[in-house]
Amino acid sequence: MNIPPKKIPANSSNSMLDLYTHYGRNHRFHIFCGVLGTLLGRFSGLLPAFFLGLAIDLIFFDQSLPPSYVFSSQLESFSSSSILILFSVIITLSFFLGAVSMWLGDRGWNAFAQEIQHELRTDAYDALQALSMNFFEDSRTGELLSIINNDVNQLEDFLSTSFSDALRLVVMVIGVGLILFLLNPELTIIAMFPVPIIAILAYLFVRNIHPKYVAMRSSVGGLSSRLEDNLSGIEVINTESTKPYEKGRVSDSSSEYYNTNWEAISTRIKFFPMVTIITGIGFVLTFTVGGLWVLSGPPLGFSRPLTPGTFVTFVIYVQQFVWPIAQFGQIVNTYQRAKASNSRIFGLLKQSPSIVDSPEAIDFSPLNVNLNFNQVSFRYPSLENYVLKDISFRLEKGETLGVVGPSGSGKTTLVKLLARLYDVNEGSICIEDKNIQEITLYSLRKSIAYVSQDSYLFSGTLRENIEYGQQNVTEQQIIEATKTARIHEFISTLPDGYDTIIGERGVTLSGGQRQRVALARALIKQSPIFVIDEATRYLDTETESDIRESLSTSSSNRITIIISHRLASVYKSTKIIMLDDGRIIANGSHEDLLKNSPLYASLWKNQSTSS
Ligand SMILES: Nc1ncnc2c1ncn2[C@@H]1O[C@H](COP(=O)(O)OP(=O)(O)OP(=O)(O)O)[C@@H](O)[C@H]1O
Ligand SMILES: [Mg+2]
């Protein structure tokens, strides 16, 4: 069966607004520092050119200031050299102010960006953890990783530089526009000519490039899924000699990324040269028209005079214009990319788990544990057929249940329902006569220790894996558990003992050793319900029966469920159920079943003769 992976739907509401309301506004202080730093920085950057123009007119061309200037009458009484020194001091101060504001602004925006990214990463991870199992069964790990890593990082540029760039652009266009307008409104018309053209160009650019970015982000997700899948399955790829096949698949995913990325790049690299040409034309026009104006009076039907100082100020300001305006495209571009990433992040953040604590759920720790399945039926959300039908049994403290049945008969599913990885469709499961749906998920899962069919070990040391998630575990407890799981002796032979690093997923251990470590981990939990799912299948019969013995000595204060294909693993259980195609086809003690179930009796006969 091949269930196509489900794509995480991008969040369709305005996620950029969500980004601000959920995260941005908690960092108003950083925004304030960023805005203040950017504004002061821009303001101080404008001063030198302004005073240079004034100095040229006042000192070198000996012109007087128009009476509209503040301090114009005071400056009249200064000598030329005093004015020069005064302006030098002002320009020096403006450089200092510029440096301090640059630091303040950068600090503000970068702190803003880093803190929001950190919160998004941890929140996205929390959201993932809260999701129910069926979400993971049809989502691709690589895609999820790509959201938490790439998409969140993608926001960095936007958060740390786009705001300041946008603000700088506004200050340049409005601030400089205003100064130039006051200096000479006629020449301003010529100097400002690129602005509307670039605005139109940027609009067209954005409309064109946005879908390309969306396609690119999605192909990155596809590529990381492929890589993640292949690296996890590297052993299969080696043993199955499918390297050329996998190489082809990776190459296909990479080509798709290459193509979508190239589409976006080729659009982007056309845009910036166009902007540069237009801003360049604006500069040349101002320079030529302004130069002629100074040389031989107002051209083109203009009437106002233009002093050499104002001309210099214009030329420098128009030059300063070029890059912020050219960055307009970059800002819109970064915004679009951030928007695509952000809507994927919020798509994940807004996924709601299907299994949650009910509002009345209680915390509970069973004292006199008993377990009751009442006519439980269940089907996986992605399947039409029921995999468990009308399952009922009851267990008391100290009892052991053996679950046998062919592969695919629903044995593991039984445990998944008990741990509420899924909810039953019909019937109910009760622990100590409380429906598990009325217990908090945390306390329910704390009361179940589960050694699964494919025990997962984390990279790290043996000790970390054994005491995994438990607080204050003593050395004594660890040794007790590993002795019961018959792995203590092996660990003692290792040079680093319990501090041996076992590699990713425990690759340095054999299958049976991994299982026994997982068994020790479950034993440490000391939960009132203990479930072993085929967890001894890699062990030889002697070690298995050894472990069974040691487990049974400590099983009197809990319920134990043993799932196995081998009847030898379960025949000592107080109760045994045989599953076939999701139904209980026989149940009772070993002796009952030998008498009443011909199937059980013949299996027992076959298995005891074959072993
Ligand atoms: N997550 C899932 N989504 C859809 N179907 C599933 C899922 N997990 C298991 N199934 C199906 O449910 C049925 C029962 O699976 P289950 O894992 O409970 O079998 P099992 O008895 O434990 O088998 P085995 O002895 O091989 O471990 C199988 O047909 C399987 O294909
Ligand atoms: Mg199973």
Side-chain angles (χ1 to χ4, degrees), residues 1-7 128 131-141 143-144 229 232 236 351 353-355 371 373 375-393 401-427 429 436 445 448-456 511-512 514-515 518-519 522 529-539 544 560-571 573 575-587 597 599-600 603-604 606-607:
M1 182 187 42
N2 196 2
I3 308 166
K6 187 174 69 181
K7 279 217 168 302
L128 264 186
L131 289 171
S132 318
M133 285 312 290
N134 55 343
F135 174 84
F136 293 97
E137 275 160 11
D138 49 22
S139 303
R140 296 180 297 182
T141 316
E143 193 184 338
L144 296 174
D229 210 21
S232 313
V236 181
Q351 289 276 332
S354 51
I355 294 182
L371 173 66
F373 271 60
Q375 302 183 312
V376 169
S377 295
F378 170 74
R379 66 177 183 81
Y380 283 100
S382 56
L383 297 182
E384 293 205 338
N385 295 336
Y386 278 78
V387 293
L388 285 176
K389 296 153 209 158
D390 200 20
I391 304 290
S392 297
F393 60 83
L401 174 76
V403 184
V404 291
S407 176
S409 56
K411 303 183 294 297
T412 301
T413 307
L414 214 62
V415 190
K416 291 188 192 165
L417 294 182
L418 173 61
R420 268 195 92 199
L421 299 183
Y422 298 87
D423 273 335
V424 299
N425 295 99
E426 284 161 39
I429 302 172
I436 56 171
R445 290 172 186 169
I448 303 167
Y450 175 43
V451 191
S452 75
Q453 234 167 327
D454 341 87
S455 304
Y456 189 94
R514 273 203 289 276
Q515 282 191 329
L519 189 62
I529 300 176
F530 188 76
V531 186
I532 312 179
D533 188 352
E534 289 295 355
T536 47
R537 71 187 151 136
Y538 289 131
L539 305 183
E544 192 200 344
T560 309
I561 299 177
I562 301 173
I563 298 172
S564 184
H565 289 116
R566 279 194 245 170
L567 297 190
S569 312
V570 299
Y571 79 99
S573 312
K575 287 178 183 163
I576 299 171
I577 58 178
M578 268 187 96
L579 285 181
D580 188 25
D581 195 20
R583 284 187 192 281
I584 298 183
I585 51 163
N587 74 72
S597 166
L599 181 64
Y600 184 89
L603 273 176
W604 176 251
N606 286 343
Q607 292 192 2

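Counting starts at 1 for both ligands and their atoms, in listed order. Because only heavy atoms are used, hydrogens play no part in the values below, and waters and symmetry mates are left out as well, while side chains stay in.
On a distance-only criterion, G410 and ligand 1 share at least one N/O pair closer than 3.5 Å. For ligand 1, the polar-atom distance check finds no N/O of E534 at less than 3.5 Å from any of the ligand's N/O atoms. Not a single N or O atom of L383, backbone or side chain, sits closer than 3.5 Å to an N or O atom of ligand 1.
In this structure, G405 falls outside the shell of residues with a heavy atom less than 4.0 angstrom from ligand 1.
A 4.5 Å side-chain heavy-atom check between K575 and F393 finds every atom pair outside the cut-off. Looking at V415 and I563, their side chains come closer than 4.5 Å, going by heavy atoms from C-beta outward. By the 4.5 Å heavy-atom criterion applied to side chains, L579 and I585 are not counted as neighbours.
Heavy-atom proximity to Q453, at under 4.0 Å, picks out these atoms of ligand 1: 24 (P), 27 (O). The contact set between ligand 1 and H565, taken as ligand atoms under 4.0 Å from a residue heavy atom, comprises 25 (O). Short contacts between ligand 1 and V387, defined as distances under 4.0 Å to a heavy atom of the residue, involve ligand atoms 12 (O), 13 (C). Close approach to S409 involves these atoms of ligand 1, each under 4.0 Å from a residue heavy atom: 19 (O), 21 (O). Taking a cut-off of under 4.0 Å to the non-hydrogen atoms of S382, the atoms of ligand 1 that pass are 3 (N), 4 (C). Atoms of ligand 1 lying under 4.0 Å from any heavy atom of T413, numbered from 1 in the order shown and given with element: 14 (C), 15 (O), 16 (P), 18 (O). The contact set between ligand 1 and K416, taken as ligand atoms under 4.0 Å from a residue heavy atom, comprises 8 (N).
Taking the charged nitrogens against the carboxylate oxygens, D580 and R583 have no contact shorter than 4.0 Å, which rules out a salt bridge.
Nearest to atom 6 (C) of ligand 1 by heavy-atom distance, out of Y386, Y380, F378, Y422, is Y380.
Of the residues listed (L417, D581, N425), the one engaging L388 in a side-chain contact (heavy atoms from CB on, under 4.5 Å) is L417, and it is the only one.
Residues Y450 and T412 approach most closely at OH-CG2, 3.7 Å, considering heavy atoms.
Taking the six-membered ring where tryptophan is involved, the planes of Y422 and Y380 are perpendicular, since the angle between them exceeds 60° and thus also 30°.
When distances to the Mg ion (ligand 2) are checked against a cut-off of 2.8 Å, S407 contributes no N, O or S atom below that limit. At least one N/O/S atom of Q453, whether from backbone or side chain, sits less than 2.8 Å from the Mg ion (ligand 2).
Side chain of S377 to backbone of D390: a donor-acceptor contact under 3.5 angstrom is found. Formation of a donor-acceptor pair under 3.5 Å by the K389 side chain with backbone atoms of I584 is not found in this model.
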